[in-house]
Asks: 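After the structure tokens below, expect a handful of questions from me.
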There are 2 protein chains.
Amino acid sequence: MRLSGKSRNGAAARNQTGQGASDMASVLGGTEIRIAYKMGYVLNFYREPSFRKIEMDLGITRPEIVTLIFLNYREGVTASDICEFSGHLKANISRGIILLEKKKLIRRDIDTSDNRRQQLYLTPAGRALYAKYIPTLRKRERAMLSCLSPSERKQFESLLDKLAEHVPHWSAVDEL
Amino acid sequence: MRLSGKSRNGAAARNQTGQGASDMASVLGGTEIRIAYKMGYVLNFYREPSFRKIEMDLGITRPEIVTLIFLNYREGVTASDICEFSGHLKANISRGIILLEKKKLIRRDIDTSDNRRQQLYLTPAGRALYAKYIPTLRKRERAMLSCLSPSERKQFESLLDKLAEHVPHWSAVDEL
DNA sequence: ATGAGAAAGTCACATATGAGACTATCTGGG
DNA sequence: CCCAGATAGTCTCATATGTGACTTTCTCAT
């Protein structure tokens, strides 16, 4: 999903269609999938511009960004693990890993207990690149959440934790 | 963002890396942008598979899906309005609209008060196509939220409302 | 032990997308 | 009135992505 550029609240302010109120809340609340839609709305405006900027500034792709984020949290994991927790398709993560290795941002070792698997590790250069873009993401997250009180933020996170724990119980594709 | 296919909780169940607990919560909580990451995690598993299935089954693209959802809520709006509230880039919405019109799923009228703008309307066929995929999205949203009590769901939505209202105050790209 | 089937990772192809230039139209200050 | 700048929408080009096939390796039931 993508951001519409710089304009801020044009449609809401304009409201020239003459069909009743068109403020943000009513528009977002108007679809039949309100909660999912609103999550998407907020998240799109957080994630897309940030990631696009990182992509352009640092010349890396989204799967590469995600892989570095993941490895910064835990090294020695495999491509499959990253797919699992990022939701990216394995072909994309695979391409990302190949690129990252070409650029010497990560290193991979064959898992001796299972020769199909490759354990991934950051190089110092990889760590440095990560350090270069993560502050932007942190800052933008803070801005996004700044309208919530500390206790609301806690609430929100704990609800998200519940939702996240629950994902494996409904996300199977074959139920679609 | 993309889904990893059918596997459900493999990494969490496996935990063979021998580096300590690798359950869902710890992984998701391990990044430096916890809340944004968790929102993304949950939403990806909701949105990507659903949309991909719609794309394949019905032969339409994401901007087309979003445009139909938006028009079902309110007709007579313009491409810019849809960009505004969907976060998609205008080139993509433009392409989507052109495709939708070719397929006779929408109709467009030049706004007589501003000849640059085109007001969009669903055709019966467009409405019918929308009706074909929205139940899937509703059902999946219900499944996603089924781990929350009704009051938790209310809380979650009201926090999302706050976040959504706040978007215009921080989402400007030039601050990146 | 062995063969069927699953899993990890890669690849090739078609398509969807992002960036940015471009046209046409509108707006507002002189 | 008129021109500089903004805005709506479209287009072109390069790139990123989704799909599904493929290879290699592993697992497990017989």
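Just so it is clear: chains get the letters A, B, ... in the order the sequence lines come, proteins before strands, and each one is counted from 1.
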Asks: Using a strict threshold of under 4.0 Å (side-chain N to carboxylate O), is an ion pair present between A:Lys38 and B:Glu165?
Replies: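 No salt bridge links B:Glu165 with A:Lys38.
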Asks: Between atom CG in A:Asn92 and atom P in D:dG20, what is the gap in whole Å?
Replies: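 It is 14 Å, rounded to the nearest whole Å.
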Asks: Are the side chain of A:Arg140 and the backbone N or O of A:Phe45 linked by a donor-acceptor pair below 3.5 Å?
Replies: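 Here the side-chain-to-backbone pair exists.
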Asks: Heavy-atom nearest nucleotide on DNA chain C for A:Lys53 versus A:Ile93: which residue maps closer to 5'?
Replies: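 Closer to the 5' end of DNA chain C: A:Ile93.
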Asks: Going by distance alone, is a donor N or O of one side chain under 3.5 Å from an acceptor N or O of the other, for A:Thr78 and A:Asp81?
Replies: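 Yes, a side-chain donor-acceptor pair sits under 3.5 Å.
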Asks: Using the rule given for side-chain contact (heavy atoms from CB on, under 4.5 Å), can you reason through B:Lys162 versus A:Phe156, listing the C-alpha separation, both sets of side-chain angles and the distance that settles it, and then say yes or no?
Replies: CA-CA 11 Å; B:Lys162 270 202 175 178; A:Phe156 188 61; over 6 Å; no
Asks: Identify the heavy atoms of B:Met144 and B:Tyr46 that sit nearest to each other, and give their distance.
Replies: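 Scanning both residues completely, I find the closest heavy atoms to be SD-CB, 3.8 Å.
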Asks: Quick one: label B:Glu55 by what it contacts on the DNA or RNA (base, sugar-phosphate, nothing), any heavy atom closer than 4.0 Å.
Replies: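 The answer is nothing, as B:Glu55 stays clear of every strand by at least 4.0 Å.
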Asks: In whole angstrom, what separates A:Leu89's CG from C:dT15's C1'?
Replies: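 The distance from CG of A:Leu89 to C1' of C:dT15 comes to 14 Å, rounded to the nearest Å.
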Asks: Nearest whole Å is fine: how far is C:dG18 C1' from A:Ile54 CD1?
Replies: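 Taking CD1 of A:Ile54 and C1' of C:dG18, I get 16 Å after rounding.
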Asks: To the nearest Å, how far apart are B:Ile65 CD1 and C:dT15 P?
Replies: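 For the pair B:Ile65 CD1 and C:dT15 P, the rounded distance is 17 Å.
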Asks: Is there a continuous path of hydrophobic side-chain contacts, each under 4.5 Å between heavy atoms, that joins B:Tyr130 to A:Ile33?
Replies: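 Cluster IDs for B:Tyr130 and A:Ile33 match.
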Asks: Please work out whether the ring planes of B:His166 and B:Trp170 are parallel, tilted or perpendicular, with thresholds of 30° and 60°.
Replies: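 It falls in the tilted class, 30° to 60°.
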Asks: Would a hydrophobic clustering, with Ile, Leu, Val, Met, Phe, Trp and Tyr connected at side-chain separations under 4.5 Å, put A:Ile134 with A:Leu122?
Replies: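 Yes; tracing contacts between hydrophobic side chains, which count when under 4.5 Å, links both residues.
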Asks: Taking only Lys NZ, Arg NE, NH1 and NH2, and the carboxylate oxygens of Asp or Glu, determine whether B:Arg127 and B:Glu75 approach each other closer than 4.0 Å.
Replies: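 Salt bridge: yes.
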Asks: Provide a list of protein-nucleic acid N or O atom pairs under 3.5 angstrom, restricted to nucleotides 12-15 of chain D.
Replies:
unit_1: D:dT12; atom_1: O4; unit_2: B:Arg95; atom_2: NH1; d: 3.3

Asks: Between B:Ile60 and A:Ala79, which has a closest nucleotide on DNA chain C that is more 5'?
Replies: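 This one resolves to A:Ala79.
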Asks: So which nucleotide from C:dA19, D:dT19, C:dC11 ends up closest to the side chain of B:Arg52?
Replies: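 Side chain of B:Arg52 sits closest to D:dT19.
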Asks: What integer distance in Å separates B:Ile97:CD1 from D:dC11:C1'?
Replies: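 For the pair B:Ile97 CD1 and D:dC11 C1', the rounded distance is 15 Å.
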Asks: For the helix from C:dA1-D:dT30 to C:dG30-D:dC1, how many degrees between its two end axes (five pairs per end), to the nearest 10°?
Replies: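 Both end axes considered, the difference amounts to 30°.
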Asks: Any chance the side chains of A:Thr67 and A:Glu64 put a donor and an acceptor closer than 3.5 Å?
Replies: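 There is no such pair (donor and acceptor under 3.5 Å, judged by atom type) between the side chains of A:Thr67 and A:Glu64.
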Asks: Measuring to OP1 and OP2 of C:dG9, would you say a side-chain N or O of A:Ser80 lies under 4.0 angstrom away?
Replies: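 Looking at the OP1 and OP2 atoms of C:dG9, one of them is under 4.0 Å from a side-chain N or O of A:Ser80.
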Asks: Judged by atom type as modelled, is there a donor-acceptor pair below 3.5 Å linking the side chain of B:Asn44 to the main-chain atoms of B:Tyr41?
Replies: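 Checked: no pair found.
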Asks: How long is the line joining CD of B:Glu84 and C1' of D:dA8, in whole Å?
Replies: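 My rounded result for the distance is 13 Å.
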Asks: Please write out the pairs of protein N or O atoms and N or O atoms of nucleotides 22-26 of chain D separated by less than 3.5 Å, giving the distance to one decimal.
Replies:
unit_1: D:dT25; atom_1: O2; unit_2: A:Arg116; atom_2: NH1; d: 3.4
unit_1: D:dC26; atom_1: OP1; unit_2: A:Asn115; atom_2: N; d: 2.6
unit_1: D:dC26; atom_1: OP1; unit_2: A:Asn115; atom_2: ND2; d: 3.0

Asks: Quickly work out the B:Leu99 CG to C:dT15 C1' distance and round it to whole Å.
Replies: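 Distance, rounded to whole Å: 12 Å.
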Asks: Do any side-chain nitrogens or oxygens of A:Thr78 fall under 4.0 Å of OP1 or OP2 in C:dA8?
Replies: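 So the side chain of A:Thr78 is outside the cut-off, no N or O lying under 4.0 Å from OP1 or OP2 of C:dA8.
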Asks: B:Ser94 side chain to B:Lys90 main-chain N or O, any donor-acceptor pair under 3.5 Å?
Replies: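 No: the side chain of B:Ser94 does not pair with the backbone of B:Lys90.
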Asks: Round to a whole Å and report the spacing from CG of A:Asp57 to C1' of C:dA19.
Replies: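 Interatomic distance, CG of A:Asp57 to C1' of C:dA19: 14 Å.
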